[in-house]
Amino acid sequence: MSQIPAITLNDGARIPQLGFGVYKIDPGRTADAVKTALQIGYRHIDTAAMYKNEHGVGQAIREAGIDRADVFVTSKLDNGYHKPDDARRAFDNTLAALGFDYVDLFLIHWPLPTRYDGDFVSTWQTLEEFKNDGRARSIGVSNFQVRHLERLARETDTIPAVNQVELHPYFTNNEVRNYGKEHSITTEAWSPIARGTVLDDPVVTRIARRTGRSPAQVVLRWHIQRGNVVFPKSVTPQRIRENLALFDFELSDAAVDAISALDEGEAGRVGPNPDTFDVVAD
Ligand SMILES: NC(=O)c1ccc[n+]([C@@H]2O[C@H](COP(=O)([O-])OP(=O)(O)OC[C@H]3O[C@@H](n4cnc5c(N)ncnc54)[C@H](OP(=O)(O)O)[C@@H]3O)[C@@H](O)[C@H]2O)c1
């Protein structure tokens, strides 16, 4: 929708700054949730092979009668498929599940530095193939720490278009976000409302009262003003609508700073640490 700003990625592609996330949406409920989001005006959907609901995302876009070209679709390589031949097969499966001949953005879901002999470089070079053959319009990474990004910069030819990382008021992930800013890597913030845990924070509720907005809108607006790409998840139509209504108000600099000051560093994470996360599903 025109009210949602777009951000230009380092490869020239444009991504809507606000999207809809589908992690933990039951595969059987995904098409309905995504259709609701599309009807309300979302034009950016964030899924992953790991979520097992890519099929529902593709189905919703087809059934909503929206041109494929008008929706920005991201998916991600699952952790068991980092070896180049496995990654090629997995990417074919992602496109088949979505029912599309391309994705707008494809990511390595986790770096898994303690697996595959620490090799995520050959995985990244395989994603470069998908970009070169046009089946991934843009490629990027997720949960990469600064040293992982530095290694890609040293050993490969393509700078990731995005790095999708945990980021919310309790975990502002400044080191990774600043590296992205300095190296033209767009930061996407996952769990933007910390899965709801930040919505009762007194600082957030005070700003919400003052602005006449909900706590979720205040936190999502904080992301937007800081330049992050976000895709809150909800299966609740009223919340899906609320999370899009962010573009007719602004937070003061003082309010943005007060929310940024809620950062708790590593203790603020709601998800795993990418340096040690090593889960590969069967
Ligand atoms: N790359 C990665 O490793 C990674 C990891 C995690 C997430 N992600 C992506 O990021 C997306 C968002 O993160 P997330 O799903 O973990 O967490 P989130 O969006 O921060 O929070 C989702 C939770 O907040 C609730 N909620 C949503 N809007 C609300 C509102 N306006 N008021 C009150 N509660 C609200 C939802 O409940 P209901 O659904 O019941 O309404 C759900 O329980 C995911 O869907 C996925 O696409 C990526």
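All ligand and atom numbering here is 1-based and tracks the order in the structure.
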Student: For a quick check under 3.5 Å, do Thr94 and Glu54 share a side-chain donor-acceptor pair by atom type?
Tutor: yes

Student: Between Glu129 and Gln125, does any side-chain donor sit less than 3.5 Å from a side-chain acceptor?
Tutor: no

Student: Note the single closest protein heavy atom to atom 26 (N) of ligand 1, along with its residue, its atom name and the distance in Å.
Tutor: Ile193 CD1, 3.6 Å

Student: Does the separation of the ring centres of Tyr51 and His109 fall below 6.0 angstrom?
Tutor: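 Close enough - the centres of the two rings lie under 6.0 Å apart.
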
Student: With atoms numbered from 1 as shown, which atoms in ligand 1 lie under 4.0 angstrom from a non-hydrogen atom of Thr236?
Tutor: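 Heavy-atom distances to Thr236 below 4.0 Å select 38 (P), 40 (O), 41 (O).
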
Student: Evaluate Asn228 against Arg177 for side-chain hydrogen bond (donor to acceptor under 3.5 Å, both in side chains), listing each step before the verdict.
Tutor: CA-CA 9 Å; Asn228 303 330; Arg177 183 169 169 272; 3.2 Å; yes

Student: Which is closest to atom 1 (N) of ligand 1 in terms of heavy atoms, Pro215, Gly271, Ser142?
Tutor: Ser142

Student: Indicate yes or no: does an N/O atom of Ala216 lie under 3.5 Å from an N/O atom of ligand 1?
Tutor: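 No, no N or O pair falls under 3.5 Å.
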
Student: Could you list which atoms of ligand 1 come closer than 4.0 Å to a heavy atom of Trp110?
Tutor: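 Listed by number with element, the hits are 3 (O).
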
Student: Of the protein's non-hydrogen atoms, which lies at the shortest distance from atom 25 (C) of ligand 1, and what is that distance?
Tutor: Arg239 NH1, 3.9 Å

Student: Any N or O on Leu199 sitting closer than 3.5 Å to an N or O of ligand 1?
Tutor: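 By distance alone, the answer is no.
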
Student: So is Phe20 touching ligand 1 or not, going by heavy atoms under 4.0 Å?
Tutor: no

Student: Answer side chain, backbone, both or neither: which part of Ala194 comes under 4.0 Å from ligand 1, heavy atoms only.
Tutor: backbone

Student: Among all protein heavy atoms, pick the one closest to atom 5 (C) of ligand 1 and tell me residue, atom and distance.
Tutor: Trp190 CD2, 3.2 Å

Student: Looking at Val218 and Arg213, what are the two nearest heavy atoms and their distance?
Tutor: CG2-CB, 4.2 Å

Student: Within ligand 1, which atoms have a heavy atom of Gly21 less than 4.0 Å away?
Tutor: 45 (O), 47 (O)

Student: Give the residue, atom name and distance (to 0.1 Å) of the protein heavy atom nearest atom 31 (N) of ligand 1.
Tutor: Asn243 OD1, 2.9 Å

Student: Give the residue, atom name and distance (to 0.1 Å) of the protein heavy atom nearest atom 27 (C) of ligand 1.
Tutor: Lys233 O, 3.1 Å

Student: Can you list the atoms of ligand 1 that are under 4.0 Å from a heavy atom of Asp46?
Tutor: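 Near Asp46, meaning under 4.0 Å from one of its heavy atoms, ligand 1 has 9 (C), 46 (C), 47 (O).
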
Student: Within 45° of the six-membered ring axis of Tyr81 and under 6.0 Å from that ring's centre, is NZ or CZ of Arg88 located there?
Tutor: no

Student: Work out which heavy atom in Val270 is nearest to a heavy atom in Arg195; give both atom names and the distance.
Tutor: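 Minimum heavy-atom separation between Val270 and Arg195: O-NH1, 4.0 Å.
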
Student: Could you check whether His44 and Phe231 have their ring centres less than 6.0 Å apart?
Tutor: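 Yes - the distance between ring centres of Phe231 and His44 falls below the 6.0 Å cut-off.
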
Student: Go through ligand 1 atom by atom and flag the ones less than 4.0 Å from a non-hydrogen atom of His109.
Tutor: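 Ligand 1 atoms under the 4.0 Å threshold to His109: 1 (N), 2 (C), 3 (O).
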
Student: List the closest protein heavy-atom neighbour of atom 3 (O) of ligand 1: residue, atom name, distance to the nearest 0.1 Å.
Tutor: Asn143 ND2, 3.0 Å

Student: Kindly give the heavy-atom pair with the smallest separation between Lys76 and Asp46, and that separation in Å.
Tutor: NZ-OD2, 2.7 Å

Student: How far is atom 48 (C) of ligand 1 from its nearest protein heavy atom, and which residue and atom name does that atom have?
Tutor: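 Among all protein heavy atoms, the one nearest atom 48 (C) of ligand 1 is Gln164 OE1, 3.0 Å.
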
Student: Given side-chain hydrogen bond (donor to acceptor under 3.5 Å, both in side chains), test Asn10 with Thr186 step by step and report yes or no.
Tutor: CA-CA 8 Å; Asn10 64 20; Thr186 295; over 6 Å; no

Student: I'd like the name of whichever of Tyr23, Phe277, Phe231 reaches closest to atom 10 (O) of ligand 1 through any heavy atom.
Tutor: Phe231

Student: Under a 4.0 angstrom heavy-atom cut-off, which atoms of ligand 1 come close to Pro232?
Tutor: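 Within the 4.0 Å cut-off of Pro232, ligand 1 contributes 19 (O).
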
Student: Indicate, as side chain, backbone, both or neither, the part of Glu242 found under 4.0 angstrom from ligand 1 when only non-hydrogen atoms are considered.
Tutor: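 The answer is the side chain.
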
Student: Taking the six-membered ring for Trp and the single ring otherwise, decide whether the centroids of His148 and Phe120 are under 6.0 Å apart.
Tutor: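 Aromatic pair counts; centres sit under 6.0 Å.
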
Student: Establish, from distance only, whether the side-chain atoms of Arg226 and Ser260 form a donor-acceptor pair under 3.5 Å.
Tutor: yes

Student: Counting non-hydrogen protein atoms only, what is the nearest one to atom 14 (P) of ligand 1? Give residue, atom name and distance.
Tutor: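 So the nearest neighbour among protein heavy atoms is Ser191 OG, 3.6 Å.
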
Student: Is Arg147 paired with Asp275 through a side-chain N to carboxylate O contact shorter than 4.0 Å?
Tutor: yes

